[in-house]
Amino acid sequence: MKKSILLMACCLGLFVEGALAQIAPKEEFVSALMERMTLEEKIGQLAQCSYRGNFTGPGGANYSKEDYVREGKIGSMLNVVGVKEIRRFQELALQSRLGIPLIFGLDVIHGYHTGFPIPLAEAASFDLGMIEEAAVCNARESAADGLNWVFAPMADISWDARWGRVMEGAGEDPYYGALVAAARIRGLQGESLADTATVMACLKHFAGYGAPIAGKEYNSVDMSLGQFANFYMPPYKAAVQAGVATVMSAFNDFNNIPCTANDFLLNRLLREQWGFQGFVVSDYNSVEELVNHRYAADKKDAAAKALQAGLDVEMVSTCYLTYLKELIEEGRVKEDVLDKAVRRILEKKYELGLFEDPFRYCNPGRAARVLNAPDIRDASLRMAERSIVLLENKAGVLPLSSKIKSVALIGGLNRSPHDMAGAWAPTTDRSKIITPYDALTRRGLTVNYAEGYNLKTNALDGLEAAMEAARKSDVVIVAIGERASQSGEKAAKVDINLPAGQQQLIAELKKTGKPVIALLMCGRPLIFNDVRRQADAILCTWWLGSEAGNAICNVLWGDYNPSGKLPMTFPAHVGQVPIYYQYKSTGRPATLRQAYVSSYIDSPNEPAYPFGYGLSYTTFEYSGLKVEQGRKAGEHAVVSVDVRNAGKVAGEEVVQLYVQDKVASITRPVKELKGFRKLYLKPGESQTVTFSLTDECLGFYDNNMHYVVEPGDFILMAGKSSRQEDLLQTVFTLE
Ligand code: GLC
């Protein structure tokens with residue numbers, strides 16, 4: 001290793017008596033290195049290969065990764081897991097002529113070794129500090145095991161639960177999604193990429209991937225620039241403002257141009273308007289797939305179009321490796337376009353400190369110390385507790401009494417560590433996952449377990465045993481929902497109803513007269529109208545990761561009072577999808593009392609559960625909403641509302657502020673979230689919550705994507721969910 005680094009140092013005139021000089025400043029170092037690079041070596045920096053056996057997509061040429069790395073034809077790798085393998089490939093990279101080190105990336109979407117709740121669950125916490133802390137833990141474990149790059153956060157807004165990847169995001173709201181994306185990036189990247197407890201983050205998928213037509217995976221996305229700017233763009237922009245190191249282009253087309261070769265997105269918007277300084281990586285094989293889009297005639301055409309549109313690193317496919325030399329030699333692609341891409345990549349390697357020490361992330365002792373560390377487990381538990389959403393609690397059946405001695409635990413999901421991990425958890429250590437079954441047995445309860453329904457077919461194969469378990473227990477706890485593999489990538493569904501067998505099981509168990517508590521385990525909003533009527537209580541527990549069982553038990557017995565709120569609307573019928581709370585009035589709003597209104601003849605407009613909804617074991621009362629002229633620069637007004645804990649137990653409430661622009665130069669939503677505060681109140685305690693009303697709360701992007709704030713009246717609403725009856729309101733006039 002020393003040889004190639006010293007060789008490079010000598011080439012760069014950095015070598016002084018017997019020791020490697022302090023490396024030159026970034027600009028100087030990278031320029032000097034690029035001076036020495038051949039055309040092939042430059043092209044090699046743009047190539048990224050996946051490591052065998054850990055594929056996360058189709059295709060990929062069949063060549064020796066070891067040989068290509070040793071020959072300097074690869075600049076980064078994905079799906080290489082563990083310090084040992086990462087060190088092996090890094091050593092091969094240093095044998096190349098210039099010994100340029102590799103970057104190693106992986107999909108660490110919600111935990112590396114210790115599983116954290118799926119991102120949609122984390123978003124339900126409305127606890128940005130906790131979300132950032134979770135990302136810090138994910139970075140620590142990833143970096144300790146050799147990685148310096150994770151393909152997160154996914155910041156795609158989505159209004160469509162049919163799309164399986166809603167589990168990876170922060171739900172339907174652009175304002176909140178922007179805050180979550182920035183929090184995750186802060187957690188992953190920390191203050192400096194040179195810190196070996198941090199990793200490069202990757203904003204994905206740029207852009208608009210969360211709005212595939214009909215919710216069908218990889219389908220076309222068709223929206224106006226105004227729709228994009230107001231509802232999908234904010235999280236991407238916030239991620240760049242938070243300093244995200246890399247961006248991943250999306251599979252879909254955007255404004256009829258595939259994102260992977262979309263000059264407007266990658267050059268005009270991302271770089272020229274937002275000032276993004278990092279590099280753009282394609283999604284898996286998506287450069288070659290420009291041919292499938294019928295946007296490129298062949299792989300050579302794909303290489304030219306992608307590079308010129310600002311796509312720097314080609315993940316897995318080999319269009320750049322195969323054709324860029326030819327394209328540059330024949331003058332179709334200018335070498336300075338290649339140089340810009342190479343520079344962006346080398347600058348990140350420099351910032352990671354890899355030129356000074358290519359093995360600085362490869363410390364096996366650190367991996368042993370950090371992976372599954374107690375403080376990381378504790379963070380996973382706290383994140384999981386805060387992610388749970390209490391949907392129903394009839395007659396206050398929850399929290400369960402400490403006098404409960406026996407539990408009928410029904411449903412195979414309650415004992416499935418694999419499912420507890422959720423989708424996109426390739427490296428989570430399943431052997432260390434606590435399931436509800438594990439946690440209940442450790443509480444010293446008599447656990448009468450029965451599968452109830454076949455996890456594969458959902459047939460009620462085990463009804464009798466389940467009924468028997470229920471009859472001899474104090475309470476029935478049933479896991480319902482979908483398998484973890486039924487959400488995530490390539491998991492779009494036309495039917496998001498809970499399987500009939502599961503709904504029937506709940507109805508049968510109710511006949512025993514025992515309290516029936518349903519645990520909804522899912523990666524997306526599901527439809528379960530019968531269960532809503534039948535179950536005594538429903539907790540949405542998503543997929544909570546390594547501490548799932550402990551978190552669920554802590555909530556069931558009130559050790560933690562549930563505080564989660566839905567980050568995404570739960571439909572009452574799949575025909576309502578896409579459904580979201582920021583809908584437009586239309587010319588015939590349903591609020592008009594007339595026959596001709598925007599509605600269905602076979603379903604109400606209302607969802608099963610709205611955005612921002614979630615119950616607590618206590619109740620909160622809102623009063624005194626008022627708005628006063630602002631006193632600070634940029635502050636038009638201050639909105640305040642009083643919140644009181646009117647119940648008998650302490651709890652947390654997510655106080656939400658919504659704004660409606662009453663009349664505007666474009667049609668605007670009936671309401672938009674523009675502020676929230678999660679506060680903890682003891683029984684009887686009150687707090688006045690204030691929000692500063694700024695341009696960011698009142699403005700919008702016009703159809704030319706310019707941000708405008710227009711004078712006029714605004715309706716301000718505050719309360720515990722986006723549902724109108726949960727909101728106090730008042731009016732503010734901007735002069
Ligand atoms: C996948 C996903 C992307 C992931 C990449 C690498 O297809 O779309 O989110 O980061 O490939 O695994």
Side-chain angles (χ1 to χ4, degrees), residues 47-60 65 74-81 102-112 118-120 135 138 142 147-158 163-170 181 184-185 188 199-212 215-221 235-236 239 244-254 258-260 278-290 292-293 311-318 422-428 485 487-492 523:
Q48 180 183 98
C49 65
S50 181
Y51 184 46
R52 70 167 181 267
N54 293 305
F55 290 117
T56 49
K65 308 303 190 297
I74 299 290
S76 57
M77 293 184 76
L78 77 148
N79 293 334
V80 183
V81 177
L102 297 171
I103 315 178
F104 294 89
L106 187 76
D107 292 289
V108 180
I109 309 300
H110 52 106
Y112 175 72
I118 57 171
L120 189 61
N138 299 172
S142 306
L147 292 167
N148 23 60
W149 185 20
V150 297
F151 303 129
M154 183 275 221
D156 305 323
I157 292 299
S158 187
W163 188 52
R165 300 196 76 166
V166 296
M167 56 74 58
E168 285 179 71
R184 288 188 169 137
I185 289 160
L188 290 170
V199 292
M200 289 200 300
C202 182
L203 163 68
K204 69 185 188 182
H205 304 81
F206 196 56
Y209 182 15
K216 186 164 67 173
E217 181 61 288
Y218 310 129
N219 205 6
S220 208
V221 166
Y236 301 131
V244 71
T246 65
V247 170
M248 183 183 293
S249 66
F251 288 121
N252 53 280
D253 58 349
F254 177 85
C259 295
T260 301
F279 66 79
V280 177
V281 60
S282 76
D283 204 335
Y284 201 106
N285 217 40
S286 68
V287 173
E288 180 174 320
E289 290 167 4
L290 293 173
N292 297 340
H293 276 284
L311 192 287
D312 301 314
V313 175
E314 178 177 11
M315 182 186 285
V316 170
S317 54
T318 54
W424 278 117
T427 55
T428 299
S485 58
S487 61
E489 186 172 356
K490 60 181 179 37

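Read the numbers this way: they start at 1 and go in the same order the structure lists the ligands and their atoms. Since the model is a prediction, treat every value here as computed from it, not as a measurement.
At a heavy-atom cutoff of 4.0 Å, ligand 1 is contacted by the side chain of Glu489 but not by its backbone. Residue Arg165 touches ligand 1 through its side chain alone, judged by heavy-atom distances below 4.0 Å.
Close approach to Leu78 involves these atoms of ligand 1, each under 4.0 Å from a residue heavy atom: 6 (C), 12 (O). Atom numbering of ligand 1 starts at 1 in the shown order; those under 4.0 Å from a heavy atom of Met248 are 3 (C), 10 (O). Residue contact check: Phe251 has heavy atoms under 4.0 Å from atoms 7 (O), 8 (O) of ligand 1. Close contacts between ligand 1 and Lys204 involve ligand atoms 3 (C), 4 (C), 9 (O), 10 (O) [criterion: under 4.0 Å to a heavy atom]. Counting atoms of ligand 1 from 1 in the listed order, those under 4.0 Å from a heavy atom of Phe151 are 10 (O). The ligand atoms of ligand 1 that sit less than 4.0 angstrom from a heavy atom of His205 are 3 (C), 8 (O), 9 (O).
Under the 3.5 Å distance criterion, the side-chain polar atoms of His110 are matched with a main-chain donor or acceptor of Trp424. In this structure, the side chain of Asp253 engages the main chain of Val221 through a donor-acceptor pair within 3.5 Å. Judged purely by atom type and a 3.5 angstrom limit, Glu314 uses its side chain to pair as donor or acceptor with the backbone of Thr318.
The closest heavy-atom contact to atom 4 (C) of ligand 1, among the options Asn79, Thr56, Asp107, comes from Asp107. The heavy atom nearest to atom 8 (O) of ligand 1, out of those in Leu106, Asp283, Val316, is found in Asp283.
With hydrogens and angles left out, the side-chain atoms of Thr246 and Trp149 include a donor and acceptor closer than 3.5 Å. One side chain, Glu489 or Tyr218, offers a donor N or O that lies under 3.5 Å from an acceptor on the other.
Contact record, Gly523 with Leu120: O-CD2, 4.0 Å, taken as the closest heavy-atom pair.
For the pair Phe151 and Lys204, the minimum side-chain heavy-atom distance is below 4.5 Å.
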With side chain to side chain contact (heavy atoms under 4.5 Å, CB included) as the criterion, how do Arg165 and Glu217 come out once you've worked through the C-alpha distance, each side chain's angles and the decisive distance to 0.1 Å? CA-CA 8 Å; Arg165 300 196 76 166; Glu217 181 61 288; 3.5 Å; yes
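Using a 4.0 Å cutoff on heavy atoms, Met315 counts as a contact of ligand 1.
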